[in-house]
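The structure under discussion appears below in the form of structure tokens.
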Amino acid sequence: MNSTAHNFKSNARVALGDQQLQSALGNLKGGLVANRTKARAALPEFEALRDVAKDIKNHTIANLDLYLEIYEQNARAAGAVVHFAETAADARDIILKICRDANAKIVTKGKSMVSEEIGLNAHLEAAGGIEVVETDLGEYLVQIRKETPSHIIAPAIHLTQGQVEADFRRLHTHLPKDRVLVEPAQLVNEARGILRQKFMTADVGITGANFLIAETGSSIIVTNEGNGDLTQSLAKTHVVITSIEKLVPTLEDLSTILRLLARSATGQECSTYMTLSTGGRRVNDHDGPPNYHVVILDNGRTDLIGTEFQDVLRCIRCGACMNHCPVYGAIGGHAYGWVYPGPIGSVLTPALIGVKEAGNLPNASTFCGKCADVCPMKIPLPDLMRHWREAEFDLGDLPRGYRTGLAGWAFFARRPRLYHLAAKVGIPLLSLFGRRGRFSSLPFAGGWTRYRDLPAPQGRTFQQLWAERQAGVTR
Amino acid sequence: MPLDTSKTTTKPQVGLFVTCLVDLMRPSIGFAAVKLIEAAGCDVVVPPSQTCCGQPAYNSGDKATTSAIARATIAAFEGFDYVVAPSGSCAGMIKGHYPDLLKTDPEWSKRAVALASKTYELVSFLVDVRAISSVDAELKVRATYHDSCSGLRELKIKSQPRTLLASVKGLDLVEMEENEVCCGFGGTFSIKYPDISNAMVQKKADFASATKPDLLLAGDLGCLMNMAGKLKRQGSRIEVRHIAEVLAGDLSAPAIGEA
Ligand code: SF4
């Protein structure tokens, strides 16, 4: 997928002025956020589970080679074809070849952010002449609008119901014009009717995987619409596209983490469908896809092992960090400019497409800490964003004015005598100009005073007044 | 800074970390802090060799400068029984981040950890360390309180300010919606991303105004300047002040952003 992360600032400005988007984002608080709060409160061991889950993933990542081997062995033994893809291009090619071998004309897809990461749909359509149909309702909406997901678990969260109705009327022209589309259920039913036909005619079904389980060689998808199950069981070939860090050692580990996933994501105790796939259809099975492929993408992830960014590999893509992020809540997901928005995106995107392209993302945070607070896997997201800022600083990538300002400030901050002398002279001067107690415009603080007044200094510094007071006492 | 040993006192010696913003912008908060710490039975010393906790450099990725500032701050304050700052953000920096920052240097790491263990934000110091549960102040106002992020999430400051505010005679505390959501200040964030910062502080101002308070309080001057700046631009009459000013019962200085 092409990135507009370098345009983050102007993307954000557009998003802030988009009334439809703002009204859609307004629903986050009463929905996903409120639901998570309730679900967490109802599970006394939630905090303890976070520690257990963190340990499980840390252990897995520390022994990733071992568990990948075990997974691969068990998956192959169960009849899976396992492919390793080092880059996005490798993954695209592998999947295109599988589709060609299956003579695929129609491919159905369950929700997969990794497929967005590798730009799969566009590749299958352009290079393979294949019709790709997204079957998750949110993904379907985004696809018919030629957009990209703006959230990792709720791809169409940027849309209002009115926009969806208008799109359906525009595109589903074979349906009666006077049909009623007021209730969400009516919209869902219409989409369901259309997607049903696609499921029946698809040659290949592609899904993601929330986890790969080493001890059984299985993959699992966790969904609420059941579309993933139809995608993966009705076509003759099922392709799983997932990434290398999605491994867990055992089914027991899986069930521990699943208890956190649904609660953190949507506030459900568990998702509606949790479907494990272990190999393709066996001789005595009544149904299921005869061919089962698993494509495991690296795309730079293993490079993070052993670095200060390793913690990000614990992520289970629940979306809680973005649901609770005040910056995401203000601008939505598209402004981040690439596949993964919100705090997780601000850490992951620079790792996957480079800090030069995505440098704004880890900077656009107040470090309020809410994301780390809600992350079920206890990923210290603000600390990781700060590490990206350190990388940028070391590369000399800061804007020149900012760098000069910082250096000037640092010069004084490291020299207390000079600092207090300068403050003693400068602050009273500055306060003279701020007679009303504040400035409504200042040449060096234009960004601030465009929207806010800047409170003026009281007049003299504390150190100065304190020194006078001490002198008075001892005199 | 050597302690004054001529005084024959057994009172705990508190080094006041004034914070750069209070030093430069609003000394009255510093004096309110001194009054409260003294009333809690401590002696206050203000080392002149302090400047800033280093967050502007730290959050801009400049680790070398931050480490130099951290070492200077540790050297200036490690002789005291306690270090107290009228800011959750700066106290959190010393308490949470200095040890992390200096962890690869065995000697400084030890000193950073030692300093961290006796560093406190003002209000939590009063309540948690000095076991103060009421202050001697009277003020007939309706107030609302914003939980600043670092204090709330790094230092778990939530009940302490409310305990003390409840003891101010005549003060009526009304909680606003989303009092735990960031105000959009974020230090350099407010200057680097003014559009987003504005959207955040706009929301904060709306929620604060909705409770129709006379006073909007918080424990961090950065957030207060941001919120006051927005409210004053809107022409709001709400007075914005640091909680220490109210607890010390000294509102003689005009509110933030007012003359
Ligand atoms: S970083 Fe944490 S909160 Fe964000 S998506 Fe990943 S697991 Fe969920």
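Letters A, B, ... are given to chains in the order of the sequence lines, protein chains preceding strands, and every chain is numbered from 1.
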Test side-chain contact (heavy atoms from CB on, under 4.5 Å) applied to A/F367 and B/N59, step by step: CA-CA 9 Å; A/F367 287 163; B/N59 293 338; 3.3 Å; yes
At a 4.5 Å cut-off on heavy atoms, which part of [X] comes close to chain A: side chain, backbone, both, or neither?
X: B/A57; answer: both
X: B/S150; answer: neither
X: B/V201; answer: side chain
X: B/S28; answer: both
X: B/R26; answer: both
X: B/E154; answer: neither
X: B/L221; answer: neither
X: B/C20; answer: both
X: B/K63; answer: side chain
X: B/M225; answer: both

Compare every heavy atom of [Y] with every heavy atom of [X], then report the nearest pair and how far apart it is.
X: A/W409; Y: B/G54; answer: CH2-CA, 4.1 Å
X: B/A199; Y: A/L16; answer: CB-CD2, 3.5 Å
X: B/P48; Y: A/P416; answer: O-CB, 4.2 Å
X: B/G186; Y: A/T366; answer: CA-CB, 3.7 Å
X: A/A410; Y: B/T65; answer: CB-CG2, 3.5 Å
X: B/L24; Y: A/A423; answer: CD2-CB, 3.4 Å

Cation-pi check, A/K9 onto B/Y193 ring (under 6.0 Å, within 45° of axis): yes
Close approach to chain B in residues 450-464 of chain A, criterion heavy atom under 4.5 Å: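 Within residues 450-464 of chain A, the residues under 4.5 Å from chain B are A/R450, A/Y451, A/R452, A/D453, A/L454, A/P455, A/A456, A/P457, A/Q458, A/R460, A/T461, A/F462, A/Q463.
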Residues of residues 25-32 of chain A near chain B, each having a heavy atom less than 4.5 Å away: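 Only A/K29 of residues 25-32 of chain A have a heavy atom under 4.5 Å from chain B.
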Most chain A-contacting option - heavy-atom pairs closer than 4.5 Å, from B/I191, B/V181, B/I196: B/I196
Point-to-point distance, once rounded to the nearest 0.5 Å, from SG of A/C368 to CZ of B/R153: 5.0 Å
B/I256 side, atom CD1; A/R438 side, atom CZ - distance, nearest 0.5 Å: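 Going from CD1 on B/I256 over to CZ on A/R438, the span is 12.5 Å.
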Among [options], who wins on heavy-atom pairs under 4.5 Å with chain B?
options: A/A407, A/G447, A/P382, A/G437; value: A/G437
options: A/A335, A/A15, A/P326; value: A/P326
options: A/A413, A/A467, A/P362, A/S440; value: A/A413

Below 4.5 Å from any heavy atom of chain B, which atoms of [X] appear? Answer side chain, backbone, both or neither.
X: A/T449; value: both
X: A/I331; value: side chain
X: A/Y402; value: side chain
X: A/W388; value: neither
X: A/N360; value: both
X: A/A364; value: both
X: A/L430; value: neither

Whether A/H420 side chain and B/S49 backbone form a donor-acceptor pair below 3.5 Å: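 No: the side chain of A/H420 does not pair with the backbone of B/S49.
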Criterion side-chain contact (heavy atoms from CB on, under 4.5 Å) on A/R414 and B/R71, from CA distance to verdict: CA-CA 10 Å; A/R414 294 175 67 164; B/R71 282 193 214 101; over 6 Å; no
Pair B/S60-A/R389, side-chain contact (heavy atoms from CB on, under 4.5 Å): steps then yes or no: CA-CA 6 Å; B/S60 302; A/R389 298 187 191 183; over 6 Å; no
Aromatic ring pairing B/F31/A/W466, orientation class (parallel under 30°, perpendicular over 60°, tilted between):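 B/F31 vs A/W466 ring planes: tilted.
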Enclosure of B/K103 NZ (heavy-atom neighbours >12, cutoff 6.0 Å): no
Atom NZ of A/K424 with >12 non-hydrogen neighbours under 6.0 angstrom: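 Not buried by this count: 12 neighbours or fewer within 6.0 Å.
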From CA spacing to verdict: side-chain contact (heavy atoms from CB on, under 4.5 Å), B/T51, A/R415: CA-CA 8 Å; B/T51 58; A/R415 292 169 179 78; over 6 Å; no
